[in-house]
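Just so it is clear: chains get the letters A, B, ... in the order the sequence lines come, proteins before strands, and each one is counted from 1.
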There are 2 protein chains.
Amino acid sequence: MRRWTIKDIAKQAGVSITTVSRVLNEKEEGMSPKTREKVLKVMEEVDFQPNQFARGLVTKRSKIFGLIIPNISNPYFPELCRGVEDEANEREYSLIICNSDDQSDKEKRYLRLLEEQQVDGIIFSAKDSLESSDEEQLSRAKIPFILVDRGKSEKNHSSVLLDNDKGGYLAGKHLTELGHRKIACIIGPKSISLTNDRLEGFRRALAESGVELSPSQIIEGDFQMEMAYQKSKDLLMKKEVTAIFAFNDVMAFGVYRMAHELGIHIPRDLSIVGFDDIPLVSALIPMLTTIRQDTYLMGREAVKLLIQKLENNETQSIMFNPTLVVRESSTSPKLLL
Amino acid sequence: MRRWTIKDIAKQAGVSITTVSRVLNEKEEGMSPKTREKVLKVMEEVDFQPNQFARGLVTKRSKIFGLIIPNISNPYFPELCRGVEDEANEREYSLIICNSDDQSDKEKRYLRLLEEQQVDGIIFSAKDSLESSDEEQLSRAKIPFILVDRGKSEKNHSSVLLDNDKGGYLAGKHLTELGHRKIACIIGPKSISLTNDRLEGFRRALAESGVELSPSQIIEGDFQMEMAYQKSKDLLMKKEVTAIFAFNDVMAFGVYRMAHELGIHIPRDLSIVGFDDIPLVSALIPMLTTIRQDTYLMGREAVKLLIQKLENNETQSIMFNPTLVVRESSTSPKLLL
DNA sequence: TTGTAAGCGTTATCAG
DNA sequence: CTGATAACGCTTACAA
């Protein structure tokens, strides 16, 4: 037999389909317990499952959220994703995930896809802040969305972001307090605003100690290990800096590798500070000093705010605070160059 | 105005809804180009998007696959997930992902959820091989599925698995060939069959060199770093082994950490072999020798076979071959104990 | 407390 | 080549 429908259930239980629909939706407590029992019994027996297509067609709700992230292979995102998934599922939503690879066209394509799938909302960790064309599309489709991790806090949309300026500041302050004066950083793509925020905070911290950051000490990376590994070579060979601040942990991994290759000892010859505090960080030897963000919680929070938006049309933004986690990779420079 | 429907398009273009539906589905090339143009133009103008609920209601297809994995935070799975997502999207499918945390009840819950969402198929990396109750449910719901990474190859369902026995064998052979005689291993949960497969291959390789694996040399881990870190302490302090084979890279990370803490030098005092070859592995210092599997490709392949099943009802299984990647963490023991 | 019937936006079957 | 029209399975006024 084909799948059971409420019609079948109704016939079997000797009631109308309306009644079945009612018990399905747990509405109308004003209903004879007998009838309810009868219906529930039949449903139970055949392990009835309502058809979401039919439901959605009427209610216009899919109980699905979309999550767009740059790349799940970047260890930052599984944590975020996990937070989003856990919160979503507790609230009976499923999650479609999409990897944009930081490409605008893929973002657009997925946005369309999600719209077509009639998702009830989108959690968006975009290439950067939303492009206006995307925002337009989203609002035209009336899909509530929330920006997470990437983007800017604006009053016309919800967001869950990190105080990246503060993160950069913490890193800078830590290094200058240790006595470092010659410091470089491996930043993210300049097109991404959080890169600039971190850089600004970092600069400010250095400036407070009268340390300047020359252009040659700012290396543009892509948040991946490989490029950081390669680009740090020059920097390390010249031996002109005593410390490096990598804008994420994965790039710090790259620096570790190059330092190892060149026989540079961490932290004796070189201090390193990372960003994110991804779980595997504690396995790096020596253990990495880093700026921690509570990625998992940010994911959960994003879903909460999204649901706020969805149910009450409330726009809300939260900014998380990063913290400095001092481990073994940072120490005072052995001598001032 | 509310969302456009094919009805609106039809009216606007001065044709019937059937015609609109036809151009939407690119059917019936036998159609006057004029009409087609006319309709397409209107669609373009209003950026028309068909309602998947209505579509699904009649076609019974959601264009969504479900992916159930233990935990996206375990670095093995993002790769798998990425492979699945890429292949799925190229074929116009979206992907709902679910983390089961290796708990049977969560698996069951998600299975139900996916069924309710009317997914067109499920890619399942279960706790272990499918429980019969799950298989029953799946077949009752007529949802095609494929097992990936975890499970057993059986002729009544498709699967994409790794030759774990061979993987274990490669690791064992490598270590014995280097001259190790006292070897331990940190395995996965015994309830998972791939653990036993790897162990068996490993044992066989050791046996070929007359090396035996005593129970005290088999440590049960959970594929996470933390437990491997703690459980390796005893092992390392006794200094009774010259090599350790960790059943995944993440646990190898844990061993690295403990070795570092205890001042044990890798590979001089201790050789380590991991499993998986996750991307960050190359950042471990010294670089980890490991058994590589092409996780990304396995993900892609899983989707291909799933679609085979879906479209042609062909059941097919593939077994991938692991390879040994020798890096810096394994070498001959400095002296035979 | 329960039932009837009108949609929801598509696709598919027939006619024309 | 094109168009009515009947499903698809559910929710929801509106009646009874």
note = Separation of D:dG3 atom C1' from B:Ile6 atom CD1, nearest Å, is 12 Å
Closest to the A:Arg22 side chain, choosing from D:dT11, C:dT2, D:dC1 = C:dT2
ask   = What pair of heavy atoms forms the shortest contact from B:Ser193 to B:Lys152, and how long is it?
value = CB-NZ, 3.5 Å
key: Listed nucleotide nearest any side-chain atom of B:Leu24, set C:dT11, D:dG3, D:dC8   = C:dT11
note = Taken to the nearest whole Å, CD1/B:Ile17 to P/D:dG3 is 11 Å
key: Test: B:Asp47 and A:Arg112 ion pair at under 4.0 Å   = yes
inquiry  = Rounded to whole Å, how long is the line connecting atom CG of B:Leu57 with atom P of C:dC8?
reply    = 14 Å
query = Does the pair B:Asp134/B:Lys108 count as a salt bridge with the N-to-O cut at 4.0 Å?
reply = yes
key: Value in whole Å for how far the P atom of D:dG9 lies from NZ of A:Lys11   = 13 Å
message = Rounding to an integer number of Å, can you tell me how far B:Arg61 CZ sits from C:dA12 C1'?
response = 16 Å
task = Over all heavy atoms of both residues, which pair between A:Val303 and A:Arg91 is shortest? Give the atoms and the distance, please.
result = CG1-CD, 4.4 Å
request  = Answer whether the closest heavy-atom distance between the side chains of A:Val15 and A:Lys38 falls below 4.5 Å.
outcome  = yes
query = Whole-Å distance between D:dG9 P and A:Asn25 CG?
reply = 17 Å
remark   = Tightest non-hydrogen contact, residues A:Ile9 and A:Val46, listed as CD1-CG2, 3.8 Å
message = Please list, in numerical order, the residues of residues 47-55 of chain A that have a heavy atom closer than 4.0 Å to any atom of DNA chain D.
response = A:Phe48, A:Pro50, A:Asn51, A:Ala54, A:Arg55
message = Less than 4.0 angstrom from a charged side-chain N to a carboxylate O is my criterion; do A:Glu301 and A:Lys304 meet it?
response = yes
task = Return the angle between end axes of the helix from C:dT1-D:dA16 to C:dG16-D:dC1, with five pairs used per end and rounding to 10°.
result = 40°
note = When rounded to whole Å, the NZ to C1' distance for the pair B:Lys34 and D:dT2 reads 15 Å
request  = Using only side-chain N and O atoms of A:Ser21, determine if any of them is under 4.0 Å from OP1 or OP2 of D:dT12.
outcome  = no
query = Closest heavy-atom contact between B:Ala302 and B:Val148?
reply = CB-CG2, 4.2 Å
task = Could you tell me whether the phosphate oxygens of D:dG3, OP1 or OP2, come under 4.0 Å of any side-chain nitrogen or oxygen in B:Ser16?
result = yes
task = Measure the distance from CD on A:Gln118 to P on C:dT10 and round it to the nearest whole Å.
result = 9 Å
query = With a 4.0 Å cut-off on heavy atoms, is A:Thr19 in touch with a base, just the backbone sugar-phosphate, or nothing at all?
reply = sugar-phosphate
task = Using heavy atoms to find the nearest nucleotide of DNA chain D for B:Val58 and B:Gly14 separately, return the residue whose nucleotide is more 5′.
result = B:Gly14
ask   = Which of parallel (below 30°), tilted (30 to 60°) and perpendicular (above 60°) describes B:Phe65 and B:Tyr93?
value = parallel
task = Give a yes/no on whether any side-chain N or O of B:Thr18 is located under 4.0 angstrom from OP1 or OP2 of D:dA4.
result = no
ask   = Are B:Asp86 and B:Arg82 close enough for a salt bridge, meaning some N to O gap below 4.0 Å?
value = yes
